[in-house]
Amino acid sequence: MIFSETTFSSRVASVRRPTNPILQGIIDTAREAVFVVDDAMRIKASNQAAHLAFSRGNGSLEDRRLSEIIRDLRLHAAFRDSIDQQRVADLRLEIGATDKRTFDIHIAPFDLEGSRHAIGFFYDVTQVERLEKVRQEFLSNISHELRTPLTSIMAFVETLEDGAIDDSENNRRFLNVIRRNAERMHVLIADILELSLIESGNVSIDKSHVRLAHLVEEIFDSLSTKAGEREILLAHDIDPDSRVYADLGRLEQMLTNLIDNAIKFNRSAGGVDVKLARVGNRSVISVADTGEGIMAEHLGRIFERFYRLDRGRTREVGGTGLGLAIVKHLARLQGGEVTVESDLGLGTTFFIELPEE
Ligand code: ADP
């Protein structure tokens with residue numbers, strides 16, 4: 001304890017008095033909402049954060065009942081208990097009807113001008129809680145995604161151990177399944193590492209004037225076998241001299257991802273068309289396919305990590321559900337953005353928008 005109880009009490013008491021603007025200033029600089037409540041459960045002092053969070057434009061909080069400002073039985077009981085039993089209470093509450101916020105609340109008793117009071121500190125943990133949820137979901141997604149290929153690997157190893165190793169007709173096939181699943185895990189882990197590296201901000205961006213037609217042709221070459229298997233025609237109409245201002249390696253990664261998706265989610269003998277347009281002072285590269293399209297309800301979510309329209313199908317075509325999340329981050333790192341438009345039954349177009357120098 002830094003202050004004796006009476007000193008601390010008198011300081012808190014003085015926050016209401018305009019004659020002590022320094023103390024009111026100090027309490028007001030706290031980001032946490034602070035309330036002092038008396039024995040009749042009325043608010044005796046508060047700070048600006050409390051006012052902002054709970055007054056809802058209804059003027060001063062002082063001398064109003066706590067229950068009138070925050071209607072929550074548990075909170076009321078905790079203040080009551082702290083005043084009556086002279087003990088500290090900690091609780092986590094969701095407060096608010098429309099704009100729900102989560103608070104960690106610490107309530108402590110103290111004497112103020114000879115009578116029992118309690119002071120409550122409201123720490124807004126809404127954002128922390130949201131991030132924690134995102135982290136947990138991410139971890140559970142990763143575990144799930146890794147478990148599927150791993151289960152398959154273990155099952156086939158056991159089958160081999162149980163005698164299939166001598167079954168010359170099938171042993172190679174089983175080994176092949178094991179290899180494919182191990183490769184899948186490898187790709188997944190590489191994507192996870194890549195994403196966390198990008199999200200941590202530890203990637204350098206080195207922009208130059210990239211000859212887009214040349215880059216697109218190189219990517220077409222590297223994906224030609226895959227496109228050929230399904231007779232998908234890869235085309236572009238970009239002027240050989242057109243340049244975009246971007247990090248070459250990162251742009252290649254983004255376009256490879258989008259063109260690869262445009263092949264994977266296309267119909268047989270469909271087409272992929274890459275174009276470049278200038279809109280204001282931005283370059284817009286579009287990658288259009290003639291696939292099934294994406295329903296409007298999914299469009300807003302496909303850039304989320306692990307979001308896939310059809311898990312079974314995507315696994316078959318070897319997707320991790322992380323590609324578009326990586327593309328989005330890479331675009332933003334370069335001051336740009338990625339958007340998508342889709343016509344059900346006709347196809348999907350992704351747009352990479354990048355600022356010109
Ligand atoms: P994946 O590794 O599964 O391809 P992405 O993040 O690249 O992961 O894509 C997420 C999901 O968005 C895909 O699983 C697929 O359902 C959908 N999707 C992506 N690109 C297309 C496309 N061109 N046409 C239709 N659906 C697509």
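Ligands are counted one by one from 1 in listed order, and the atoms in each one are counted from 1 as well.
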Leu309 contact mode with ligand 1 (heavy-atom cut-off under 4.0 Å): both

Interfacing atoms of ligand 1 (cut-off 4.0 Å, heavy-atom, Thr320): 1 (P), 2 (O), 3 (O)

Shortest heavy-atom approach to atom 8 (O) of ligand 1 - which of Gly321, Ala325, Ser342, Gly347: Gly321

Plane angle bin for Phe350 and Phe303 - parallel if under 30°, tilted between 30 and 60°, otherwise perpendicular: perpendicular

Charged N-O contact under 4.0 Å between Lys207 and Asp247: no

Close-contact set for ligand 1 against Ile302 heavy atoms, below 4.0 Å: 12 (O)

Sub-4.0 Å atoms of ligand 1 with respect to non-hydrogen atoms of Ile294: 25 (C), 26 (N), 27 (C)

Region of Lys264 engaging ligand 1 - heavy atom pairs below 4.0 Å: side chain

Check ion pair Glu145-Arg308 (N to O, under 4.0 angstrom): yes

Atom indices of ligand 1, in the order listed, that fall short of 4.0 Å to a heavy atom of Tyr307: 10 (C), 11 (C)

Salt-bridge criterion met for Glu183 and Arg179 (N-O under 4.0 Å): yes

Pairwise distance CG(Asp289) to CD1(Ile259) - rounded to 0.5 angstrom: 11.0 Å

Derivation of the side chain to side chain contact (heavy atoms under 4.5 Å, CB included) call for Arg332 and Glu337: CA-CA 6 Å; Arg332 291 190 176 167; Glu337 194 48 89; 3.1 Å; yes

Interfacing atoms of ligand 1 (cut-off 4.0 Å, heavy-atom, Leu324): 5 (P), 6 (O), 7 (O), 9 (O), 10 (C), 12 (O), 19 (C)

Shortest reach to atom 21 (C) of ligand 1 by a heavy atom, considering only Phe303, Phe265, Phe306: Phe265

Contact check, Gly291 vs ligand 1, heavy-atom distance below 4.0 Å: no

Which atom of Ala40 lies closest to which atom of Arg65, heavy atoms considered: O-NH1, 3.5 Å

Subset of ligand 1 atoms that lie under 4.0 Å from at least one heavy atom of Asp289: 22 (C), 23 (N), 24 (N)

Salt-bridge contact Glu94-Arg101 (side-chain N to carboxylate O under 4.0 Å): no

Residue portion contacting ligand 1 (non-hydrogen atoms closer than 4.0 Å) for Thr348: side chain

Aromatic plane relationship, Phe122 with Phe103 - under 30° parallel, 30 to 60° tilted, over 60° perpendicular: perpendicular

Close-contact set for ligand 1 against Phe350 heavy atoms, below 4.0 Å: 20 (N), 23 (N)

